[in-house]
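Before any comments, here is the structure.
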Amino acid sequence: MKLKYLFDAWLVIFLALGFGAALAGVHIGLSPKIEQNKLDKTLREIPQVVPGAVKEKSQPVEIESITVYKAFDETDKHIGWVVPAAGDGYADKIELLVGLNPDASQITGLAVLSQKETPALGDKIKAPDFRDRFRDKSTDQPLAVIKDGGAIEVITAATVSSRAVCDIVNSAVKQWRPKLKELN
Amino acid sequence: MPDTGPTAGERFIQGIIPENPVLRQLLGLCPTLAVTGAMAPAMTMVGATAFVLIMANIIVALIRPLLKPHLRILVFTLTIATFVTIADRFLAAFMPGMSELLGPYVPLIIVNCMIISRCEICASKQSLPTAVADAFGVSLGFLIALGAVAGVREILGTGQFFGITLLGKGFPGWVLMIMPPGAFITLGLLLGLVNWNDQRKKKTAA
């Protein structure tokens, strides 16, 4: 009886093998495209994050197995760095790209790669209006919102999200500034 | 196995309104609530779900003489999961923006009861053409339901339809409608409307 039950499973085993092979095929076929999409998304943001940078001239640099991008302008002058940063927002993880000038002493811009903040309130962190508030800020001091004695104006009714972006930028600066200074 | 039960045509018609998966059977409510903030993600979800449903019904109808009663649910799930993974990878490759927007709700099609119920009720018992007609009918029903909820939410929430501005700049947009409560309110009122219409029809018939 037990043996019969096992034998009955031949269809499941057969299907699992067939479906598994089909999925492997799909994966092999599509994964280069999916990887490319992810890379494109980051590259697309680079001119926004480092003003004047040319997308095609950006070079990925591996530092401690994290990819950062070295940004160049049209005349091949090194004008900044783009580093990934992430941290907790109001709702979920916020992923940013932070642009820094070549010696990492100033922030050149921000881009939001992914966020799940409240629609129409916290998700205004994506708006250029908010992101521009970080432009050209010095990295000597950690950034803070005006309420906390800093210089960053918060988004109305989204103090937590605004603060979260500040904290993420600060931790990215803390993490990358010494390393990028060395490389410069 | 003799094909008993409703014919292909009957299955197709029933799936659309009389046995609408969302409005009548209250199945597939997770995507109905979660991705209907705007028409574009809702319609992408309908497309992905329809693909999975049609393919699952085809496979199950083809292998139905081989199904063992105690293994059938396992086979359904295996089939559905395979096509969901294909749909998910396909979206990530060709519609990366949409894939990101839908997030976990694409893999969650696996647990959409609407699909497994069609495998169980129709595809595992009836012939291939009937199963295909059934899948198309139910998919259309799903389209109508999600389209109705998403249309109301997008128009009231942002004044847009498929991202095209319908109501002028003066329209403030009811933010509540594109937030989660808006989904519950819209679906609740829609279900009420369907039930009210039902009762009214019954009364006129009596």
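In the text below, chain A, chain B and the rest are named by the order of the sequence lines, each starting its count at 1. Model, not experiment: these values are computed from the prediction.
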task: Could you look at A:Leu15 and say if it's the side chain, the backbone, both or neither that has a heavy atom under 4.5 Å from chain B?
output: both
task: Select one option (side chain, backbone, both, neither) describing which atoms of A:Val12 are under 4.5 Å from chain B's heavy atoms.
output: both
task: Go through the structure and list residues passing side chain to side chain contact (heavy atoms under 4.5 Å, CB included) with B:Pro181, not counting sequence neighbours.
output: B:Leu176, B:Met179
field: B:Leu27: partners by side chain to side chain contact (heavy atoms under 4.5 Å, CB included), with sequence neighbours left out
entry: B:Gln25, B:Cys113, B:Met114, B:Ser117
For residues 39-49 of chain B, run the donor-acceptor check on the side chains, cut-off 3.5 Å, and write out each pair with its distance to 0.1 Å, sequence neighbours left out.
| from | atom 1 | to | atom 2 | distance (Å) |
| --- | --- | --- | --- | --- |
| B:Thr44 | OG1 | B:Ala40 | O | 2.7 |
| B:Thr49 | OG1 | B:Met45 | O | 2.7 |

- prompt: Based on non-hydrogen pairs under 4.5 Å, which of A:Val26, A:Leu11, A:Ile34, A:Leu121 is most in contact with chain B?
  reply: A:Ile34
- prompt: Given the rule in the side chain to side chain contact (heavy atoms under 4.5 Å, CB included) test, do B:Phe94 and A:Leu30 qualify, once you have shown the distances and angles that lead to the verdict?
  reply: CA-CA 9 Å; B:Phe94 298 104; A:Leu30 293 180; 3.5 Å; yes
field: Heavy-atom side-chain proximity of A:Phe14 to B:Leu66 below 4.5 angstrom
entry: no
message: Please check if the number of heavy atoms outside B:Phe136 that lie under 6.0 Å from its CZ is greater than 12.
response: no
message: Tell me whether B:Phe76 at atom CZ has more than 12 heavy atoms from other residues, nucleotides or ligands lying less than 6.0 Å away.
response: yes
I'd like a table of the N/O donor-acceptor pairs between chain B and chain A - cut-off under 3.5 Å, distance only.
| from | atom 1 | to | atom 2 | distance (Å) |
| --- | --- | --- | --- | --- |
| B:Ala92 | O | A:Asn37 | ND2 | 2.9 |
| B:Ala93 | O | A:Asn37 | ND2 | 2.8 |
| B:Glu100 | OE1 | A:Lys41 | NZ | 2.5 |

- line: Honestly, the part of B:Leu78 sitting under 4.5 Å from a heavy atom of chain A is both
